[in-house]
Amino acid sequence: ETLTILPESALVGLVTFGTMVQVHELGFAECPRSYVFRGNKDVPADKISHLLGLRKPAAPGQPGQPQARNEPPVTGRFLLPVSECNMVLDSILE
């Protein structure tokens, strides 16, 4: 309901939490996927970035590498315009 007041091009993502924290991929409506983390465990941001595929681990002496070219962009996996993800969000939240 609140998504209807956002502009159609606004990027949205979904993170749900309780005893577990779930980061939902919105780019694959046919096969919903989420990454689950224990809610009572502190995980460093760089490890979460690596686990979610946001960046590659750095080799010794080199800065972190950007995403590989054959992987979908982050905005296509975790963030989508409202106009493209309404049905996916509805199915996850039901």
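Residue numbers start at 1 and run along the sequence shown. Predicted model, so just to flag it, every value in this text is computed and none were measured.
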If you round to the nearest 0.5 Å, how far is [atom2] of [Y] from [atom1] of [X]?
X	Y	atom1	atom2	answer
Thr16	Leu93	OG1	CG	8.0 Å
Met20	Asn40	CE	CG	8.0 Å
Cys85	Leu3	SG	CG	7.0 Å
Gln22	Tyr35	CD	OH	12.5 Å
Ile92	Asp90	CD1	CG	9.5 Å

Margin query: Can you tell me which residue among Val12, Leu11, Asn86 is in a side-chain contact (heavy atoms from CB on, under 4.5 Å) with Pro81?
Written below: Leu11

Next item on the list: Test Val82 against Leu89 for side chain to side chain contact (heavy atoms under 4.5 Å, CB included), laying out the working first.
Entry: CA-CA 9 Å; Val82 172; Leu89 286 172; over 6 Å; no

Notebook entry, point to check: Which pair of non-hydrogen atoms, one from Leu6 and one from Ala10, has the smallest distance, and what is that distance?
Noted result: CB-CB, 4.2 Å

Next item on the list: Heavy atoms only: give me the nearest Ile48-Val43 pair and the separation to one decimal.
Entry: CG1-CG1, 3.6 Å

Notebook entry, point to check: Quick one: do Leu52 and Phe17 end up in the same hydrophobic cluster if we chain Ile, Leu, Val, Met, Phe, Trp and Tyr together by side-chain heavy atoms under 4.5 Å apart?
Noted result: yes

